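Heads up, the thing below is written out as structure tokens.
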Amino acid sequence: MTVVYFTALALLTLTAYVLASRRSVALSATGVRMHSLPAYHGLLAISLVIAPMLLIWAVGTPLVSQLAASNALTNFPAEIRNDALQAGSALREIKNLAAGQHSGDVSDALRAATDTYSAWRTSGNFLLLIIGLTAALAGIATSLRMVSGQFRARNHFERIVRIVLMACAGVAVLTTIGIVASVLTETIRFFFDPNIKGRPGILDFLFGTEWNPQQAMRADQGDIKSAYGFVPLLTGTLLITAIAMCVAGPLGLLSAIYLAEYASPRMRRYAKPVLEILAGVPTVVLGFFAALTVAPYIRGWGEALGLDVASESALAAGLVMGMMIIPFISSLSDDVMNAVPQSLRDGAYALGATKSEAIKQVVLPAALPGIVSAFMLAMSRAIGETMIVVMAAGLAANLTLNPLDAVTTITVQIKTILVGDQEFDSAKTLAAFALGFVLFFITLILNIIALRIVRKYREQYD
Amino acid sequence: MENSTVDLSAIERVEAARTAHLTAGAKPAKVLAHDVNVYYGDKHALQAVNVEIPDRGVMAFIGPSGCGKSTFLRCINRMNDTIASCRVTGKITIDDQDIYDRSLDVVQLRARVGMVFQKPNPFPKSIYDNVAYGPRIHGLTANKAELDEVVQSSLEKAALWNEVKDRLQDSGTGLSGGQQQRLCIARAIAVNPDIILMDEPCSALDPIATAKVETLIDELRSNFCIIIVTHSMQQAARVSQRTAFFHLGTLVEEDSTKTIFSNPKDQRTQDYITGRFG
Amino acid sequence: MTDAISSLPTQLPPARRRAIPPDVAAARVRRRYASERTFKALGFGALALTAVFLVALLTSIIVKSLPAFSEHRAVLSVLVDAAIVDADGKRNADAIRAADYASLTRAAITAVIPGIEGRTARKALNGLLSSGAADDLRDRVIANPSIIGTTIKTPMLFSDDVDLYLKGDTGRHTAALGAAELTPSDVKGDITLTAANQSFAALIADLEREGVANDAEAGAHVLDGRIPSRVVYINGGAVKVVKATANTLAGPVLLPLSSVTPAQAGSWNLTTYVQPESRRRISDQEIVFIDKIRSAGAIERGFNWRFFTSGDSREPELAGIRGALIGTALTLFVTLILCLPIGVLAAIYLEEFAPKNWLTDIIEVNINNLAAVPSIVFGLLGLAVFLNYFNLPRSAPLVGGLVLALLVLPTIIISARAAIKAVPPSIREAAIGLGASQQQAVFHHVLPLAMPGIMTGTIIGMAHALGETAPLLMIGMVAFIVDVPTSISDAATVLPVQIYLWSDLPEAAFQQRTAAAIVVLLGFLFAMNGAAIWLRNKFERRW
């Protein structure tokens with residue numbers, strides 16, 4: 001049905017364009033001075049076909065399936081209809097049977113329901129097609145009537161284009177709203193929905209030191225509230241982030257200084273791609289490297305030194321995470337240092353400063369806000385990074401600051417909980433969304449502060 | 001327009017100017033500006049300008065930098081609309097039609113009022129496409145042959161045809177500066193406008209190219225109403241029949257070029273043309 | 001400043017300067033230069049270390065991936081037995097498809113090593129071939145039914161463990177030629193090899209070193225799977241050493257001997273496989289078989305095309321990335337057709353049409369922040385909105401593409417805006433001065449000129465999407481999917497997720513394939529980035 005509908009849409013679009021532009025051409029051939037080019041009359045006619053047809057389809061299709069579903073369910077007894085879970089599974093069976101993918105026995109009620117469902121859908125979709133065609137033809141008729149010398153087809157069409165442009169820009173806002181809405185509603189349910197078994201209080205979540213959602217699944221066992229303690233995840237995340245920053249901070253900053261202040265253009269030409277390639281390596285690749293190359297090495301060295309190193313140590317994940325954010329820090333710092341006016345350096349040189357003194361005492365302090373914000377952005381990136389820690393860090397939520405131990409992170413737990421089969425309404429699933437909210441919140445704050453610092457800093461030198 | 005005291009004197013001056021033309025046997029005014037004020041945000045860039053520009057001839061706007069002459073020029077084809085903070089009050093008419101009237105389509109206005117810019121700005125397309133762009137978007141030609149004809153005649157009128165007729169498909173940006181500016185003039189002519197606005201068209205050109213463009217302007221004046229903003233008083237004297245002197249956002253004096261340069265009424269005009277400031 | 005100076009008392013004494021002795025001053029300058037050099041060296045060192053990281057990363061992956069690009073096959077003669085393949089002789093396609101090809105491949109490999117008795121040994125022999133060998137044979141017969149009833153020579157894929165052994169993964173072995181005459185007690189079963197003198201004293205000493213003491217009950221040193229295993233090759237057969245004394249060795253025959261004739265010194269050997277049997281995935285029995293097949297010249301090594309032409313599999317030697325590649329292509333296709341138009345139109349709006357007001361400000365701030373939201377959060381969005389709210393299919397490229405489109409949209413908007421901004425305003429003015437509307441000026445002139453920049457940004461954005469894994473895990477693209485997807489609503493996986501899935505599997509062959517898949521992924525990424533750089537250099541216009 002969809003195919004028929006959209007084929008009709010395409011054909012009508014073409015017809016509308018041809019008719020309207022032909023009419024405009026014909027009119028101008030009789031000597032009428034046309035305000036707009038024939039193409040604009042055609043394009044306006046197209047919009048008058050596409051807009052109503054898409055609208056009817058977007059509104060009508062879900063309406064039809066809803067109607068079909070509710071009518072089909074009348075074939076089942078009331079207790080099934082009124083239980084959301086059973087009604088849902090019955091509906092799934094109906095849809096499977098309608099699509100010819102049902103396996104197993106088919107009860108009479110199911111067969112009758114499926115027939116009702118199919119009948120409603122067929123007639124509903126047919127009705128939609130009729131309405132859509134009528135609207136489209138009306139659109140074509142209107143646009144043809146409107147073709148005249150004075151009619152400003154271009155202006156009208158451009159107004160439509162402007163709305164489309166605005167809508168496109170709005171997608172970004174919608175995305176943010178979608179993220180906030182989806183993550184926030186689940187988080188609120190996690191803390192406040194009385195139907196969720198085993199949900200913790202906000203304080204239990206924020207200050208609990210034990211994280212064990214796997215155990216909490218069996219809701220009748222153990223002290224449930226202690227299963228959702230956020231603290232070990234936070235310390236784990238921060239530990240790995242700290243290790244990463246210890247690696248990437250000095251390396252990234254020093255590389256940036258070398259590139260911005262010392263390197264010859266030739267050197268820059270070769271060194272920049274190295275950083276760009278490193279920045280382009282997918283994190284799943286870095287995770288593989290961390291888990292299969294770096295972690296065994298660290299374990300080997302640890303054993304040689306007589307240390308007890310976990311095979312999924314925070315150190316391995318942190319080191320590779322550091323590698324990931326080196327290019328990030330260095331390119332941002334490089335930019336801010338290049339933005340420091342040459343006159344400041346010249347001032348230092350004129351006083352007899354060596355290059356390193358000029359850098360340390362003039363350039364770096366001047367670029368400091370930018371560098372701080374680069375570090376913050378890098379940190380936010382490290383906190384939100386998933387694949388490296390999923391592959392190289394552990395699952396056990398140990399509350400420790402020992403980099404040789406295994407720790408887990410927020411992202412690892414989100415991934416662990418949500419990958420695979422999950423019941424949508426369990427506390428465990430909602431916990432993942434709560435973690436997602438925390439993650440979004442932390443990174444958002446870091447970004448906003450960093451962007452604000454950068455903006456202030458730009459204003460200073462622009 | 002609500003400001004009655006200024007208004008009266010302004011009207012009187014405009015009326016006087018109109019009568020002067022009539023008595024001098026000049027053609028009726030093509031462009032008529034009445035109490036035009038322009039604001040950029042809070043800045044009052046142009047104050048109560050009243051002027052009458054006759055058809056078929058060259059009118060030069062002169063004055064020191066930032067005096068508002070370009071701003072006024074850009075009011076005549078409403079180029080200022082593209083600047084968000086810009087606000088225009090007052091009334092400008094072309095052939096007795098108010099160009100700031102709500103019902104007027106600014107695009108059609110600009111088709112009647114061509115413009116040539118300070119820096120030659122040909123589109124990075126072929127010479128042919130540069131000239132053909134205007135006729136295309138305004139639907140002025142019915143077929144390719146007509147379009148070819150328009151392109152050729154426009155290039156001929158712009159005195160460029162002989163130089164480019166063998167390479168119409170070459171990029172317009174590959175021409176020399178003077179050729180580029182003449183291409184821009186051809187591009188403006190191709191739409192068959194009544195008025196051509198030129199915003200310091202020679203300031204980016206060398207003297208030889210300038211001379212060519214000036215010759216061209218002189219040739220075009222029999223067919224178009226040309227308004228040119230220029231920094232160079234010599235150029236104004238060479239190409240224009242009438243000259244308006246702007247200073248600090250006001251129109252100080254407007255008269256025949258000869259009068260302005262030989263016998264200005266206002267002291268500021270006197271100072272400017274004798275080189276005391278500017 | 002001037003005021004401050006003029007207000008100072010005029011009788012100010014001259015500034016006191018410490019007189020620094022010249023040698024101290026010189027030392028100070030030396031020190032400053034030394035610190036200058038240190039600082040510069042530090043910077044260079046940081047850069048070099050970063051480069052070392054990158055090189056280590058790339059080499060470790062490339063080295064790991066190399067074995068996965070080749071595979072070993074046994075080139076065997078196989079009788080395509082009409083009685084099995086086409087019992088009723090009607091060339092019925094379904095019957096041919098359903099036939100038991102495994103029995104044919106079993107027969108083929110048994111023919112190479114005749115005389116094998118015992119279930120364990122036969123199982124080991126049959127297990128050398130991959131289960132894919134029979135499938136390949138089936139494909140061959142279906143493609144060309146005329147070979148039914150004939151004997152053909154065809155390459156048959158080895159299992160992953162055999163493949164790894166042949167690639168040298170099992171480690172080294174040493175062979176010592178026999179120093180004395182050795183007499184086997186039988187040609188098959190558990191046998192004893194008796195030497196003419198105490199020639200195994202050295203072996204006993206080795207065993208003692210490896211921690212094997214004399215077992216009083218057995219009256220010998222007993223070898224087990226925890227120490228290097230020893231095999232005696234004698235009279236064309238092989239005997240695994242289980243018990244050893246100074247002059248006898250005993251154990252099961254791995255490969256039947258041709259006779260019980262005493263073997264002369266130098267005509268038999270004692271081979272030590274250094275890696276203990278319990279620590280490898282291939283048994284001594286299998287090693288003996290493979291070596292026998294190898295000595296028959298029936299093993300070939302070829303490029304692993306299958307890796308690119310087949311979907312995922314539980315068997316490493318059969319697993320390929322075709323499914324993941326197609327899934328990636330479909331996903332990126334959805335991403336591209338969504339985010340390119342939306343991103344470009346949004347950029348045009350913000351750069352050319354948006355009024356300067358709070359709403360526009362919000363959109364701008366919002367886009368900048370969206371660019372830094374962790375990718376996994378986009379996965380949560382996809383899960384909650386696309387899967388649970390809109391009921392779109394799980395694991396489908398459609399949803400993956402949607403999520404990735406939202407993910408890279410900020411990147412594309414930002415780069416498209418930069419490209420549009422770079423087009424000089426004079427172009428817009430020229431068009432508008434000719435009477436073009438603002439939209440005509442933008443769509444006829446600005447957009448075409450900004451296109452190279454937009455394409456560069458888009459390619460970089462798509463490369464970003466290509467490497468993204470985490471959000472796709474959230475929307476269920478992690479399922480084990482054998483079939484190659486054919487539409488955007490089929491269950492599918494993508495290359496990075498395939499890498500993640502394989503990296504979790506214990507088989508060494510899968511580790512190599514993971515590395516190989518990474519090499520392919522990096523190849524695509526480098527190609528895309530290279531294309532972006534090329535585009536930038538070719539079309540970048542300085543105004």
Side-chain angles (χ1 to χ4, degrees), chain A residues 154 158 161-162 164-166 168-169 171-173 175-176 178-179 182-183 186 250-251 254-255 257-259 262 271 274-275 277-278 280-285 288-289 291-293 323 326 354-357 377 380 384 386-387 391 411 414-415 418-419 424 433 436 439-440 443-444 447-448 451, chain C residues 32-33 35-36 39-40 42-44 46-47 49-51 53-54 57 60-61 342 345-346 348-350 353-354 362-363 366-370 372-377 380-381 383-385 388 406 409-410 413 437 439 463 467 469-470 473-474 478 496 499-500 503 511 514 518 521-522 525 529:
Chain A
R154 181 178 50 71
E158 288 188 346
V161 170
R162 218 183 143 96
V164 172
L165 292 181
M166 244 163 99
C168 287
V171 169
V173 182
T175 310
T176 309
I179 289 175
S182 58
V183 177
E186 304 301 327
L251 285 184
L254 286 170
S255 318
I257 290 173
Y258 188 81
L259 280 178
Y262 287 107
V274 168
L275 291 168
I277 290 174
L278 194 56
V281 173
T283 54
V284 69
V285 176
F288 179 75
F289 181 63
L292 273 103
T293 308
M323 274 176 69
I326 288 174
T354 63
K355 203 158 190 176
S356 66
E357 285 162 351
L377 287 174
S380 117
T386 309
M387 290 322 290
M391 293 165 84
T411 49
I414 296 177
K415 180 256 155 195
L418 289 183
V419 169
F424 198 67
F433 280 91
L439 188 64
F440 179 71
T443 51
L444 186 71
N447 288 327
I448 288 178
L451 288 178
Chain C
R32 286 174 59 201
Y33 274 118
S35 106
E36 166 79 22
F39 191 69
K40 190 173 171 182
L42 268 178
F44 185 78
L47 205 55
L49 195 57
T50 309
F53 272 151
L54 182 65
L57 170 72
S60 100
I61 283 168
I342 294 181
L345 294 182
I348 288 176
Y349 179 74
L350 292 173
F353 297 104
I362 285 183
I363 296 178
N366 177 54
I367 287 170
N368 284 333
N369 281 321
L370 213 51
V373 168
S375 61
I376 194 170
V377 174
L380 291 177
L381 170 76
L383 176 61
V385 174
N388 289 325
L406 295 182
L409 193 59
I413 294 180
S437 68
Q439 286 191 10
T469 318
L473 300 182
M474 298 291 104
V478 277
I499 289 168
Y500 166 67
S503 75
Q511 304 294 340
T514 312
I518 288 177
L521 177 65
L522 290 179
L525 285 175
N529 283 310

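Lettering of chains follows the sequences in order, A, B, ..., and the numbering in each one begins at 1. Because the structure is a prediction, the values reported are computed rather than measured.
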| C:Leu57, part contacting chain A, at a heavy-atom distance under 4.5 Å | both
| request: Go through A:Ile414 and C:Met474 one step at a time and tell me if the side chain to side chain contact (heavy atoms under 4.5 Å, CB included) criterion holds. | output: CA-CA 9 Å; A:Ile414 296 177; C:Met474 298 291 104; 4.0 Å; yes
| Interface moiety of A:Arg162 toward chain C, non-hydrogen atoms closer than 4.5 Å | both
| Option that, when pairs with chain C are counted at under 4.5 Å, heavy atom only, ranks first among A:Leu444, A:Val183, A:Leu292 | A:Leu292
| query | Under a 4.5 Å cut-off applied to non-hydrogen side-chain atoms, are A:Arg154 and C:Gln439 in contact? | reply | no
| query | With the threshold set at 4.0 Å, does a side-chain nitrogen-carboxylate oxygen contact exist between A:Glu357 and C:Arg32? | reply | yes
| message | Which heavy atom of C:Ser35 sits nearest to which heavy atom of A:Ser356, and what is that distance? | response | OG-OG, 4.2 Å
| remark: If you tally heavy-atom pairs under 4.5 Å between each of C:Val377, C:Ile362, C:Asn369 and chain A, the highest tally belongs to C:Asn369
| message | Tell me which of these, A:Met387, A:Lys355, A:Glu158, A:Met323, has more heavy-atom pairs under 4.5 Å with chain C than the rest. | response | A:Glu158
| query | Where on A:Ile448 is there a heavy atom nearer than 4.5 Å to chain C: the side chain, the backbone, both, or neither? | reply | both
| query | Hey, which of C:Ile413, C:Leu42, C:Ile367, C:Leu522 has the most heavy atom pairs under 4.5 Å with chain A? | reply | C:Leu42
| note | Here the pair of heavy atoms bringing A:Ile179 nearest to C:Leu381 is N-CD1, 3.4 Å
| note | Contacts of A:Thr443 meeting side chain to side chain contact (heavy atoms under 4.5 Å, CB included) (sequence neighbours excluded), chain-then-number -> A:Ser380, A:Asn447, C:Pro374
| field | Point-to-point distance, once rounded to the nearest 0.5 Å, from CG of A:Leu165 to CG of C:Leu345 | value | 5.5 Å
| said: For A:Leu278, which atoms come within 4.5 Å of any heavy atom of chain C: side chain, backbone, both, or neither? | reply: both
| task | Select, from C:Ile348, C:Ile363, C:Leu409, the one with the greatest count of heavy-atom pairs under 4.5 Å involving chain A. | result | C:Ile363
| said: Can you tell me which portion of C:Leu380 sits under 4.5 Å from chain A's heavy atoms? Options are side chain, backbone, both or neither. | reply: both
| Minimum-distance pair of heavy atoms, taken over all atoms of A:Ala271 and C:Leu47 | CB-CD2, 3.8 Å
| said: Walk me through whether C:Ile518 and A:Phe289 qualify under side chain to side chain contact (heavy atoms under 4.5 Å, CB included). | reply: CA-CA 10 Å; C:Ile518 288 177; A:Phe289 181 63; over 6 Å; no
| request: State, to 0.1 Å, how close A:Thr386 and C:Ala470 come at their nearest heavy-atom pair, and which atoms those are. | output: CB-CB, 3.6 Å
| said: Is there a side chain to side chain contact (heavy atoms under 4.5 Å, CB included) between C:Phe53 and A:Ile326? Walk through the geometry before answering. | reply: CA-CA 10 Å; C:Phe53 272 151; A:Ile326 288 174; 4.1 Å; yes
| remark: dist C:Thr514:OG1 -> A:Met391:CE (nearest 0.5 Å) comes out at 7.5 Å
| note | When the 4.5 angstrom heavy-atom criterion is applied to C:Ala463 and chain A, the contacting part is neither
| So which heavy atom on C:Tyr349 is nearest to which on A:Ala169, and how close? | CD2-CB, 3.7 Å
| message | With a 4.5 angstrom heavy-atom cut-off, is it the side chain or the backbone of C:Pro410 that approaches chain A, or both, or neither? | response | neither
| request: Output all residues satisfying side-chain hydrogen bond (donor to acceptor under 3.5 Å, both in side chains) with C:Asn368, sequence neighbours left out; order by chain, then residue number. | output: none
| remark: So, the part of C:Leu370 with a heavy atom under 4.5 Å from chain A: the answer is side chain
| query | Are A:Phe288 and C:Gln511 close enough, and set up right, to give a side chain to side chain contact (heavy atoms under 4.5 Å, CB included), and what steps lead you there? | reply | CA-CA 9 Å; A:Phe288 179 75; C:Gln511 304 294 340; 3.8 Å; yes
| query | Can you tell me how far CD1 of A:Ile277 sits from OG1 of C:Thr50, rounded to the nearest 0.5 angstrom? | reply | 13.0 Å
| query | Of the backbone (N, CA, C, O) and the side chain (C-beta and beyond), which part of A:Ile257 lies under 4.5 Å from a heavy atom of chain C, both, or neither? | reply | side chain
| field | Pairs of heavy atoms under 4.5 Å with chain C: top-ranked of A:Ser182, A:Ala172, A:Ala291 | value | A:Ala172
| said: Quick check on A:Leu451 against chain C: is it the side chain, the backbone, both or neither that has a heavy atom closer than 4.5 Å? | reply: side chain
| Heavy-atom pairs under 4.5 Å with chain C, option from A:Gly384, A:Gly436, A:Pro282 with the top count | A:Pro282
| If you look at every heavy atom in C:Glu36 and A:Tyr262, which pair is closest and at what distance? | OE2-OH, 3.0 Å
